[in-house]
Amino acid sequence: NNNNNNECLNIQNKITELWKVLLLQQFHDVLPGTSIKQVYDDVNQQYDYIEKEALILLNYQLNILYKQQQQHYNNNDEKEIDNFIFNSLPWRRQQVFEFFDESLDKSFFHLVDAPAFTFARIIENEMINLEHVKLRNLPKDSFLLENHFLKCIIESDGSISSLIHKQTNREAVLKGHFMNKLVIHDDVPFYWDAWDVMAYYHEKKINLKKHSYKPAFIKINNTLCVSIIFYHQISETSFMEQEIILDICKEYLEFNTRVNWNESHKLLRVEFPVNVYCNNATFDIQFGNLQRPTHRNTSWDVAKFEVCGHKFVDVSEFGFGVAILNDCKYGHSVLSNVISMSLIRAPKQPNPESDINQIHEFKYAIYPHKSNCYEGKVIQQAYNFNYTMSHSTKTTTNFKSKNFNLIINNEISNNSFE
C-alpha cells in the first residue's frame, strides 16, 4: 500500500544520505590521519551523526524483519521478547551474549545459534556439546585458559607463553618467546611527520612487559566465557587496559584494548613470534588477499618493512598456521616468523593533536588453525571477528525521514528520523 511504499522510500533516502556523508570522510588525507585539526573536528561530528542515525535505522529494520519471521512461521502465539539477535553473514554462527535482567539486577550469559541471514535462538546449557571454558590460576600470577579448541597460558603481564591448538596438538608460540608482546618505539620521520614511518624505527624500542601498574583482574569466569583484564603503564602519562577473552565457541583468543594515549613521536606496536616457518605471509586487502615475502633478501623486500593489511595477516606451513585478526589496524610487518602490528602513533604535523590526549579502543585476536589460510577458514573467522551479530531491542517507533544538511558553522543539523 501507499504507506508501506512511502516508508520504504524514507528508509532508502536515509540510507543514501548517510552513505553520502560517509563518502565525504573517505578523502585520501582524512583516512590515514594526515589532515589538519579542523578537518577532524568536523569529521568526528559527522561520524557521530552517522553512527547514531544508522543504529536507529538498524534497530528499526531488525524489528520489521523479526515481526515478518514470526508471522511466516506462525509464531504469534509465542511469548514476545524485548531483544533479539541477527546474523548478517552468509554462514551459520554461534556467539556468547550477555543479557541483563533489570528485575533481578543481574547479568546472564547465553550461547546463541543463528543460520545465515536470520535470527538467533538461545542454546540451553544442557544442549551445548562443546567443552566448557576453564580458568585456573598458576604460579607467579599466571593463568591457564582452555576451551574446546585452545589451551593457553597467560603470564602476569598479559603476554602469552603458550597457545596450543588442540585439533593439531601444535604449539603456536615460538619456543622461548612470548606472544602479545607490547613495545614502544621512537617515531621521528625525516620530513613528513604524519605520512611516513621510517625503516630505522625498530632500532630503539622499550618492552612494556615489566610496566604493569596494578595486578590483573578476573572480570568474567563462568562455563561460557572467561576474561581477564591486564593493566600496562606505557609512560608516566599513557596507560593501557587490555581484556583477554576466551569463550566456549570461539577458535581464537581475543584482546579488547583501551589506551589513554598521551605521547609525542612514539609508535606503539604488538609482536607475535609464531611457531611457523614460511617464505610468504597472506594479507587481507580491499577486494581479496595477497602474499608478501617474510624475508629481506632484496631491496624490494627491505622496502616492505611495514605493509598494509585489513582484517587479517596469516602465516602458514604444511598442516598448520597462525593468523592475527584485527578490527581497525592496517600497518603490519612479518619478518621470518614474527608478526607485528602498529597500534597507535603520535605525529605532530600537520595536526599537533593527532591521536594525542585521546582514548583509543580497538581489538585483535590470535587464531591458530589447521592447514593453510583458505582451508583453515581464516577469511571466515576474520569476518566473524569484525561483524558480530547485531543485538537489537523491541521498538514500536514509526519511521520518518527528513533531509540531511551538512555541517554548518561546525554544528550537525538536528534533522533526523523521529
For this session: Begin with the C-alpha distance, continue with both residues' side-chain angles, and end with the deciding distance and a verdict on salt bridge (Lys or Arg N to Asp or Glu O under 4.0 Å) for Lys14 and Glu17.
Result: CA-CA 5 Å; Lys14 173 55 66 175; Glu17 291 165 4; 3.5 Å; yes
Heavy-atom count check: over 12 atoms from other residues, nucleotides or ligands less than 6.0 Å from [X] [atom1]?
X      : atom1 : result
Lys134 : NZ    : yes
Asn297 : CG    : yes
Trp192 : CH2   : no
Trp19  : CH2   : no
Gln26  : CD    : yes
Glu131 : CD    : yes

Under 3.5 Å, is there a donor-acceptor pair linking the side chains of [X] and [Y]?
X      : Y      : result
Glu306 : Ser333 : no
His369 : Asp314 : yes
Asp284 : Tyr383 : no
Asn289 : His310 : no
Asp301 : Thr298 : yes

For this session: Could you label the plane-to-plane angle of the Tyr66 and Phe84 rings as parallel, tilted or perpendicular, counting under 30° as parallel and over 60° as perpendicular?
Result: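 Ring orientation, 0 to 90° scale: parallel.
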For [X] and [Y], which heavy atoms make the closest approach, and how far apart are they?
X      : Y      : result
Arg296 : Lys304 : NH2-O, 3.8 Å
Leu18  : Tyr49  : CD2-CE2, 3.7 Å
Pro347 : Ala194 : CB-CA, 3.7 Å
Ser142 : Pro139 : OG-O, 2.8 Å
Ser316 : Cys373 : OG-N, 3.6 Å
Gln358 : His360 : O-CD2, 3.5 Å

Exercise. Taking it one step at a time, do Gln94 and Ile123 satisfy side-chain contact (heavy atoms from CB on, under 4.5 Å)?
Worked result: CA-CA 9 Å; Gln94 292 185 344; Ile123 303 176; 3.5 Å; yes
Exercise. Checking side-chain contact (heavy atoms from CB on, under 4.5 Å) for the pair Lys311/Phe385: CA distance, chi angles, key distance, verdict?
Worked result: CA-CA 9 Å; Lys311 299 180 186 68; Phe385 183 72; over 6 Å; no
Under 3.5 Å: donor-acceptor pair, side chain of [X], backbone of [Y]:
X      : Y      : result
His202 : Tyr200 : no
Ser336 : Val338 : no
Glu171 : Leu163 : yes
Asp196 : Met198 : no
Ser159 : Phe178 : no
Arg170 : Asn275 : yes
Gln95  : Met389 : yes
Tyr231 : Phe239 : no
Asn147 : Lys250 : yes
Ser238 : Asn262 : yes

Got a second to check how far [X]'s [atom1] is from [Y]'s [atom2], nearest 0.5 Å?
X      : Y      : atom1 : atom2 : value
Asp157 : Leu182 : CG    : CG    : 8.5 Å
Ser227 : Lys219 : OG    : NZ    : 5.5 Å
Tyr367 : Leu253 : OH    : CG    : 13.5 Å
Tyr330 : Ser342 : OH    : OG    : 13.5 Å
Glu241 : Thr257 : CD    : OG1   : 10.5 Å
Ile356 : Trp261 : CD1   : CH2   : 9.0 Å

Exercise. Are Phe255 and Phe230 close enough that their ring centers fall under 6.0 Å?
Worked result: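 So the answer is no for these two rings.
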Exercise. Can a salt bridge be assigned to the pair Asp48 and Lys52 using a cut-off of 4.0 Å between side-chain N and carboxylate O?
Worked result: no
For this session: Determine, for Glu146 against Lys166, whether the closest basic-nitrogen to carboxylate-oxygen distance falls under 4.0 angstrom.
Result: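 Yes, Glu146 and Lys166 are salt-bridged.
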Problem set entry | salt bridge (Lys or Arg N to Asp or Glu O under 4.0 Å), paired with Asp187, selected from Lys205, Arg345, Lys348 |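 Of the listed options, the one satisfying the test is Arg345.
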Problem set entry | Row check, Phe362 ring normal vs Lys329 NZ/CZ: under 6.0 Å, within 45° |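 Yes.
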Given side chains that start at C-beta, do those of [X] and [Y] come closer than 4.5 Å, heavy atoms only?
X      : Y      : answer
Ile228 : Phe143 : yes
Phe100 : Asp105 : yes
Ile339 : Met341 : no
Leu150 : Ile366 : no
Ile248 : His132 : yes
Asp141 : Pro215 : no
Phe312 : Thr282 : yes
Phe27  : Val39  : no

For this session: Give the intermediate values and the outcome of side-chain contact (heavy atoms from CB on, under 4.5 Å) for residues Ile234 and Leu268.
Result: CA-CA 9 Å; Ile234 299 171; Leu268 181 66; 4.2 Å; yes
Problem set entry | Candidate pair Asn337 and Thr294, rule side-chain contact (heavy atoms from CB on, under 4.5 Å), full reasoning | CA-CA 8 Å; Asn337 48 7; Thr294 61; over 6 Å; no
Exercise. What residues, two or more places apart in sequence or in another chain, satisfy salt bridge (Lys or Arg N to Asp or Glu O under 4.0 Å) together with Arg258?
Worked result: Glu361
Problem set entry | Partner of Thr34 by side chain to side chain donor-acceptor pair (under 3.5 Å), out of Asp193, Asn351, Asp29 |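 For Thr34, the side chain to side chain donor-acceptor pair (under 3.5 Å) test succeeds with only one of Asp193, Asn351, Asp29, which is Asp29.
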